[in-house]
Amino acid sequence: MKNLKQLIKTASKYRKKYFIGIFFLLLIDFIQLIPPRLLGYLTDSMQKGTANRELLLRYIIYTLLIYLVMAFGRYIWRVYIFGTSRLIEYDMRNNLFKHLQSLSLSFYNSNKTGDLMALATNDLNAVRAALGPGIIMLTDSIVLSITTLIIMLSINVKLTLLSLIPLPFVALISTKFGRMIHRRFLKVQQAFSKLTDMVQENFSGIRIIKSFVQEAKEAEKFTRENMNNFNTNMHLIRIWGLFFPLIEFVASLSFVILLGVGGAYVIYNKISLGDFITFNMYLGSLVWPMMAVGWVINMLQRGLASFERIQDVLNQKPEIVDRYVDDVKSLNGDIHIQNLTFTYPGNETPSLKNINITLKKGQTLGIIGRTGSGKSTLVNLLVRLYNVKDNNIFINGHDINRIPLKVLRENIGLVPQDAFLFSTTIAENINLACEDFDMDRIIESAKASDIYDNIMDFSNKFETVVGERGVTLSGGQKQRVSISRAIIKNPDILVFDDCLSAVDAKTEVKILDNLRKIMRDRTSIIISHRISAVKDADLIVVLENGEIVEKGTHSELVTSGGLYQSIYEKQLLEEKIQEEV
Ligand SMILES: Nc1ncnc2c1ncn2[C@@H]1O[C@H](COP(=O)(O)OP(=O)(O)OP(=O)(O)O)[C@@H](O)[C@H]1O
């Protein structure tokens, strides 16, 4: 009920447009009652012998004019009602997208992308159908059936009641079949989306498929899914195929009754021939509203259910918001983490335990640790991708929960582990977070992250489009573009989350050396699996199972006999072996 009210509220924003549309719809409904009456009168005049050429011509002109007005009116209500439902769909889609953008990462972790896409496609379509064709059918079937019935009753009550006997069955069949058709239609949609998902995954994983010689197996899997798609379509076609002939048959029983009873009435002069013809035409126009009853009920139910699903998402509050903020404009760069323990929402064991780190502005922190030890988690918390408790992380003396989210994220340049590039030009990818487009700055940051020469080798240079329709960048190139994107923002704090894993150790060190000029006045955090990347840091922490197990400088840790030393010795050995090879 609450959702129905909300749906009406959403639609009422455009009530003027709806009003115009429904006004014309009603007007046409009334006007379309005239031609059968005219034909009846004409038939009677012909039978009585009072019809002449002028009368015929007058009736032809009237009929023509009526159909012309009807065509115009139908155009108007189509534009206004269908157009308004599209406008509401447009508004809702914008709101939904904006809202989804505001929701936190944990929401995306617990909702599948496919489900969210379905909200923006299938569910929104169902709401639009309810607010467009649904409203039309509802108005049409109520008004048309009442007015037609009144006129038919005014001609002959008994004939009306007798010939209407089969029509409730039309409404019943259309309601029952409507539900069945909808269920089968959903299955068709599911089968088709399974098929497209499979093709999409297959295309993006084509390298794996080829290298593991899986083409034949994939084709076989595809044939199975394709067959499933065909079968579900056939299932639907069969019921569709049955639906219309059945409705037509049941509706035709009304005409049979009319033919028998009405025909007899004409023979015994209870009604005129003209009335008989008029009656016939009205009966024809009653079949459609009866059929529409079932559809309309289904359409409105579906629309409301979809609207509820959309509202559920719209009612979700972003978890990470500015609750109480200090007046902070920039971050300067001191970082103090104290007694930080963090558990991901839904997890039982903490991913970080009792972390304590202090960094002064301009210092560099190196974080080393095995996979899954909590390195990314730590830096993700610095930009509040997840909520941390108060008094755990301070930047510049402010609890990060008191720093405006925008200031926090704008002033920390985080280069994530997976370098994601958008399907646009390299320049726009680098410039992502900047308001204006300054080519000199883009070039400067590309040079600093050692990607400039690679970009100049592409024929379109910085205008090269990356992604599906453009050039495929290597893993290492993508990572360096991603670094450029972070440093162009001139952030107070730079965080490199194992973002050079795709280049070899030497190149990683070379790129980090290049970046040192930029890092000089900034606080930096470097996460890496390689000791060579962090050895010059002012402070190195070693994480193991979410805990800091060692802390110090390279020279202190390398002789401490702990995990750091063993990783260092292993990597030294690997380097030696590589050099000898
Ligand atoms: N979004 C998440 N939801 C729940 N648990 C998570 C999430 N992300 C990471 N974890 C868990 O937290 C722990 C630490 O993961 P994290 O990604 O921080 O490790 P890492 O040291 O960065 O690993 P790697 O070197 O492989 O990137 C792991 O046990 C992981 O399964």
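Counting convention: from 1, in listed order, for ligands and their atoms alike.
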Among Y344, Y386, Y108, F342, which one has a heavy atom closest to atom 4 (C) of ligand 1? Y344
Looking only at side-chain N and O atoms, does N354 offer a donor or acceptor that is under 3.5 Å from a partner on T341? no
Identify the protein heavy atom lying closest to atom 28 (C) of ligand 1, giving its residue, its atom name and the separation to 0.1 Å. G372 O, 3.9 Å
Identify the closest protein heavy atom to atom 25 (O) of ligand 1: which residue and atom is it, and at what distance? K375 NZ, 2.8 Å
Among V541, I567, I531, I540, find the one that has a side chain to side chain contact (heavy atoms under 4.5 Å, CB included) with L557. I540
What part of N109, side chain from CB on, backbone N/CA/C/O, both or neither, has a heavy atom under 4.0 Å from ligand 1? side chain
Please state whether the rings of Y386 and Y344 are parallel, tilted or perpendicular, taking 30° and 60° as the class boundaries. perpendicular
Residue portion contacting ligand 1 (non-hydrogen atoms closer than 4.0 Å) for R370: backbone
Might you check, step by step, whether the distance between atom 31 (O) of ligand 1 and some protein heavy atom is under 4.0 Å? no
Considering the heavy atoms of H529, write down every atom of ligand 1 situated less than 4.0 Å from one of them. 25 (O)
Which heavy atom of the protein is the closest neighbour of atom 16 (P) of ligand 1, given with residue, atom name and distance? T377 OG1, 3.5 Å
Would G369 count as a contact of ligand 1 if the rule is a heavy atom under 4.0 Å away? no
Among non-hydrogen protein atoms, atom 27 (O) of ligand 1 lies closest to Q417 NE2, 2.6 Å
Heavy atom of the protein closest to atom 17 (O) of ligand 1 (residue, atom name, distance): S376 CB, 3.8 Å
Using a 4.0 Å cutoff against the non-hydrogen atoms of G374, which atoms of ligand 1 qualify? 14 (C), 18 (O), 19 (O), 20 (P), 21 (O)
Mind telling me whether H554 and Y568 have parallel, tilted or perpendicular rings, with 30° and 60° as the class edges? perpendicular
From the list D123, L131, N125, side chain to side chain contact (heavy atoms under 4.5 Å, CB included) partner of V127 resolves to L131
Please report the interatomic distance CG(L314) to CZ(R309), rounded to the nearest 0.5 Å. 13.5 Å
Scan I493, I337, I525 and name whichever one has a side chain to side chain contact (heavy atoms under 4.5 Å, CB included) with L359. I525
When you measure from atom 13 (C) of ligand 1 to every protein heavy atom, which one gives the shortest distance, and what is it? S351 OG, 3.5 Å
Hey, is S373 touching ligand 1 through its side chain, its backbone, both or neither, going by heavy atoms under 4.0 Å? both
Indicate whether any N or O donor in one side chain lies under 3.5 Å from an N or O acceptor in the other, for N95 and Y90. no
At what distance is the nearest protein heavy atom to atom 26 (O) of ligand 1, and which residue and atom is it? T371 OG1, 2.6 Å
Heavy atoms only, cut-off 4.0 Å: how does N347 contact ligand 1, side chain, backbone, both, or neither? side chain
Can N202 and E218 be counted as having a side-chain donor-acceptor contact under 3.5 angstrom? yes
Between R485 and N431, does any side-chain donor sit less than 3.5 Å from a side-chain acceptor? no
